[in-house]
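Beneath this line is the structure, given in structure tokens, with notes to follow.
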2 protein chains.
Amino acid sequence: MTKAESKDNQQSSGHVAREVARLILTGVWREGTTLPREIELASRFGVSRASMRESLSLLKAKGLIASRQKAGTHVRARFDWNMLDEELLNWTLLALPTQEFAKQIMEVRRIVEPEACAICAVRGTDEDFARIERAYRGMDAAGMDRVAYAEPDLQFHRGILIATGNDFLIAFGATVAAALRMSFNLSSTNPGAPRKSLPYHRTVLDEIWARNPDGARQAMHKLMDLTEQNIVSAMSRQKKKDAEDENARTRRAR
Amino acid sequence: MTKAESKDNQQSSGHVAREVARLILTGVWREGTTLPREIELASRFGVSRASMRESLSLLKAKGLIASRQKAGTHVRARFDWNMLDEELLNWTLLALPTQEFAKQIMEVRRIVEPEACAICAVRGTDEDFARIERAYRGMDAAGMDRVAYAEPDLQFHRGILIATGNDFLIAFGATVAAALRMSFNLSSTNPGAPRKSLPYHRTVLDEIWARNPDGARQAMHKLMDLTEQNIVSAMSRQKKKDAEDENARTRRAR
DNA sequence: AGAATTATTATGTCAGACATATTTTCTGCG
DNA sequence: CGCAGAAAATATGTCTGACATAATAATTCT
């Protein structure tokens, strides 16, 4: 359900919003910058002013911009950007998938997920646990297929958050989703890496079933360690590869 | 700056969005419900279809609704709502300031803020600490004035998050802001309560200056304890008061 | 009965106009 | 010359009405 819905908003307004977001995220339009007037933006993106305004309305909702009559529309301070928003996270992933971004996202996951896991072990219902176990089985069944592994992996982590019954922890699922998507993108250089996390997930699941909060917390913590390690090494590999590609291109250009 | 900007969007479209959000949050329009068509919504709220669409666009951005051509606009599953969004948090506060909501928000604060505080103690710069100290002084200077106390209190907590340098933790400031606003609203029944947190803030500040992460974590943890306690007792007091008022009204009606 | 076709309908997009709130410019006075 | 107050300019905010598009519902034909 969630998967299907996230595919919505493929209308042109969504594309325009994403493009404006990209310009802001990449720093073309810095904090405090007043952006071109609506009519100009509309013509630049090839849409009507009404559609343009709908796109801007979307970005306003995410805290990226604010506008006042006559004064114009400006980029808000970074502090006001709602980085925990799923779309904004994905846009950032597309625009600036930097190592810094990866470290930050893993830092919050490390803070939130082990605790959520402990709460889950105490407060979750058997149905909650069954859902998590189904996700685990899905991961197992995926074998070495990276694509098939990704979805149940997300469901596993989301399942834990849902089991806490805390709406804010559940909303944190968007951040986890972005992190997993990042991992997935990076795993192309090392297709076997995702599967290695399976036994760690198994331990988490066992501790949850045992309703052992401390064990669950610790197990999730270890899973976070492994995940971060994978991401960091994959990123440096990617970086190296990019540098080589760049080199090759430069040589060819001569 | 942030304060001024948050006062934006007082245009009618903002009001409409808030009202629709209220109807969804209070369960008048439940998850999965297809809401009336745009033209009907527009006339119901007394705005044009264009304005109505801008409002809906805002709610789409926050994950509350999704729409497909011909099929209509429907309320998305709760899991997809971005509860960590500042506006959505405020709307919830206005629509359903329940004890459950208070507990949940304090549960995440308890998870995030002590860790953020520990990171702050290690990674923060002296300028960061100075900013936090300025906020502390502001709280002290406010004395028993609840209104004057609120703003520097928020700046104190935000300052710690900012000092972590982690964009996601910084974005969590929206949640803290909502929690403090809730505390503030509740403190009317016990005007002296906020000030009691001052020495706890002092301890946090000292541990940060000492660059002692464990002490900082523990100090923040104690502050969270106190805050939660205040909120819970204030809410039960409020609940009692509301019940009495209700009683009085019923008696009068006879 | 079932498949293919047509009609319907709600969102998506467009165009042009006017309203409103600020900012900027202009004007007159001390 | 400086400055307060009035007038003009302008970018966002709102409205109206129309057409495009895609998904659903109804209809027709085999």
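Convention: sequence-line order gives letters A, B, ...; per-chain numbering from 1.
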Minimum-distance nucleotide to [X] side chain [options: [options]]:
X	options	answer
Ser67(A)	dT14(D), dT13(C), dG13(D)	dG13(D)
Ser48(A)	dC14(C), dT11(C), dT14(D)	dC14(C)
Arg53(A)	dT12(D), dC14(C), dT13(C)	dT12(D)
Lys70(B)	dT8(C), dT14(D), dT12(D)	dT8(C)
Ser51(B)	dC15(D), dA23(D), dA11(D)	dC15(D)

Measure [atom1]/[X] against [atom2]/[N] and give the value in whole Å, please.
X	N	atom1	atom2	result
Leu56(A)	dT14(D)	CG	P	14 Å
Leu58(B)	dG13(D)	CG	P	12 Å
Phe45(B)	dT14(D)	CZ	C1'	17 Å
Arg49(B)	dT13(C)	CZ	P	11 Å
His74(A)	dT22(C)	NE2	C1'	14 Å
Met52(B)	dA10(C)	CE	C1'	14 Å
Glu38(A)	dT13(C)	CD	P	16 Å
Arg68(B)	dT21(D)	CZ	P	19 Å

Phosphate-side-chain proximity, Lys60(B) and dT11(C), N/O vs OP1/OP2 below 4.0 Å: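 Lys60(B) to dT11(C) OP1/OP2: no side-chain N or O under 4.0 Å.
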
Carboxylate-amine/guanidinium contact Arg44(A) Glu19(A), below 4.0 Å: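 Between Glu19(A) and Arg44(A) there is no salt bridge, as every charged N stays at least 4.0 Å from the carboxylate O atoms.
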
Option passing side-chain hydrogen bond (donor to acceptor under 3.5 Å, both in side chains) with Lys62(A) (candidates Asn82(A), Asp80(A), Asp85(A)): Asp85(A)

Residue mapping more 5' on DNA chain C - nearest nucleotide basis, Val47(A) or Ile39(B): Ile39(B)

Separation between CZ of Phe172(A) and CD1 of Ile111(A), rounded to the nearest 0.5 Å: 8.5 Å

Short side-chain donor-acceptor distance under 3.5 Å, Asp140(A) and His201(A): no

Check: Gln69(B) side chain, dT21(D) base, donor-acceptor under 3.5 Å: yes

Side chain proximity check, Thr227(A) to Arg109(A), heavy atoms < 4.5 angstrom: yes

